[in-house]
Amino acid sequence: MFRISDVPIDADLLSKELINSRAGAFVCFEGRVRNHNDGCEVVSLKYEVYEGLAVKEGGRIIEEAKEKYDVLEVVGVHRQGHLEIGDIAVWVGVIAEHRGSAFEACRFVIDEIKHRLPVWKKEHYMHKESKWVNCSENHGH
Amino acid sequence: MFRISDVPIDADLLSKELINSRAGAFVCFEGRVRNHNDGCEVVSLKYEVYEGLAVKEGGRIIEEAKEKYDVLEVVGVHRQGHLEIGDIAVWVGVIAEHRGSAFEACRFVIDEIKHRLPVWKKEHYMHKESKWVNCSENHGH
Amino acid sequence: MKEPKELNIHYYAVLREKAGKTEEDIESFASTPLELYKDLAGKYGFPLDARSIRVSINEEFQSMDTALCSGDCVIFIPPVAGG
Amino acid sequence: MKEPKELNIHYYAVLREKAGKTEEDIESFASTPLELYKDLAGKYGFPLDARSIRVSINEEFQSMDTALCSGDCVIFIPPVAGG
């Protein structure tokens, strides 16, 4: 299950989707908005999401995780819109019989989300102009 | 912070102890009571804890994690007493600036807890006599 | 004689800001997303080199060398930054 | 002449069940936890070999060859199973 959310992510509610009496391990990851990035003070940020493709690609990532690791269930959610410091940007939860595969699958899903999901982040800073992360003219040079 | 709890572990409440505006990553692990172990149907279990030493040793594990990994805060709690299927037996939460160290520290803490904490588990089964896990006469043979 | 294709283009992030719109219908003689991107980058002053751009056609990732067809919905994907 | 040591022993898990008590004060001539464990295992029929047992003295893990002193609180640690 992968979703894009316009409203604050409720981690407690999401973890209730991951209940199974065979599960001995639950691992979750929350990506939160930090107050700094690359040495700049961040005050807030905006996530813009190409929702149709993001939902498809997120679903594919979760299916890949289920094929690759011995897990019972995987849930992922990414926020879009305006976020403040401390808000949850992305949430991934995994249940498995044993902890090894739960940790590995959770790590796999968040790594793939960061690389593959069509999501863009505009950071608003205290002391300089707002910027689309990774989208400056000199990116990669 | 490491604690032993006589009452059900409230994961949502614990995660609220891990709030820091520098944190970009929160990782948590829940160990839950499974309905089976080693092919036997488990109906419930009891954790007996040598509390004085467990609190000391758990605290040492958390200090080791903080020295070894670049994390902001670590919280761990282990239940004692009678638990039912699905109940949380142990909870570990970590916040860090980046996800890599949060995942690694969380994994380290739960692995060390399993090896080092003076905690014993008696499983009650559907179809055979209750047993202290790891404490049979033939253990390790 | 070569006819122009009718394409629906959506813009996101820095491309949306530069184009000043979220989407548009255009007629184009571009045969691939790569050609199309270069045309649009010239028109709107997109800051990103085509080498850092990926493309989605009809809601699936495709190569920048795919042949475009009339009716395609084309979305250029700047470097992502989710999570 | 060798005098017995006064020791406080606590029992956990399978040892508690076999001893039928959570703790007791005893007098013992055992010079190490290893000797003490063997004495108690004989008395109570503990199912675990001394090689699988660790020991805590005064709330710290110690070697099974540590010298015992009068007044020590000794707790034998069967193989753990937390988490």
Side-chain angles (χ1 to χ4, degrees), chain A residues 9-16 18-39 41-45 72 83-114 121 123, chain B residues 9-16 18-39 41-45 72 83-114 121 123:
Chain A
I9 289 175
D10 184 337
D12 191 41
L13 200 64
L14 287 170
S15 69
K16 293 197 171 38
L18 292 162
I19 289 177
N20 183 320
S21 59
R22 293 170 57 206
F26 164 83
V27 172
C28 88
F29 171 81
E30 279 178 29
R32 298 180 184 169
V33 178
R34 282 188 298 153
N35 64 2
H36 63 284
N37 192 17
D38 272 344
E41 217 170 323
V42 175
V43 292
S44 69
L45 54 77
L72 295 163
L83 279 78
E84 307 286 340
I85 305 303
D87 284 354
I88 302 175
V90 58
W91 192 92
V92 178
V94 177
I95 49 173
E97 291 197 18
H98 301 288
R99 69 188 184 283
S101 46
F103 272 105
E104 285 159 21
C106 189
R107 182 73 196 261
F108 170 83
V109 170
I110 183 60
D111 286 353
E112 295 298 306
I113 282 176
K114 294 217 174 216
K121 175 164 64 174
E123 289 182 338
Chain B
I9 290 176
D10 184 337
D12 191 41
L13 200 64
L14 287 170
S15 69
K16 293 196 171 39
L18 292 162
I19 289 177
N20 182 320
S21 59
R22 291 171 59 207
F26 164 83
V27 172
C28 88
F29 171 82
E30 279 178 29
R32 298 180 184 169
V33 178
R34 282 186 298 153
N35 64 2
H36 63 284
N37 192 17
D38 271 345
E41 217 169 324
V42 175
V43 291
S44 69
L45 54 77
L72 294 163
L83 280 77
E84 307 287 339
I85 306 303
D87 284 354
I88 302 174
V90 58
W91 192 92
V92 178
V94 177
I95 48 172
E97 292 198 16
H98 301 288
R99 69 188 184 284
S101 47
F103 272 106
E104 285 159 21
C106 189
R107 182 73 197 260
F108 170 83
V109 170
I110 184 60
D111 286 353
E112 295 297 306
I113 282 176
K114 294 216 173 216
K121 175 163 65 175
E123 289 183 337

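Chain naming here is simple, since letters A, B, ... match the order of the sequence lines and numbering starts at 1 in each.
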field: side chain to side chain contact (heavy atoms under 4.5 Å, CB included) partners for Glu112(B), two or more places apart
entry: Ile61(B), Phe108(B), Arg116(B)
field: Contacts of Asp12(B) that satisfy side chain to side chain contact (heavy atoms under 4.5 Å, CB included) - sequence neighbours left out
entry: Asp12(A), Asp10(B), Ser15(B), Lys16(B)
message: So for Asp111(A), is it side chain, backbone, both, or neither that comes closer than 4.5 Å to the heavy atoms of chain B?
response: both
Quick one: pull up [atom1] in [X] and [atom2] in [Y] and give me the separation to the nearest 0.5 Å.
X: Arg32(A); Y: Leu18(B); atom1: CZ; atom2: CG; answer: 7.0 Å
X: Arg107(B); Y: Cys106(A); atom1: CZ; atom2: SG; answer: 12.0 Å
X: Arg34(B); Y: His98(A); atom1: CZ; atom2: NE2; answer: 4.5 Å

message: Quick check on the structure: residues of residues 87-95 of chain B within a heavy-atom distance below 4.5 Å of chain A, by number.
response: Ile95(B)
query: Among residues 22-29 of chain A, which ones touch chain B with a heavy-atom distance under 4.5 Å?
result: Arg22(A), Ala23(A), Gly24(A), Ala25(A), Phe26(A), Val27(A), Cys28(A), Phe29(A)
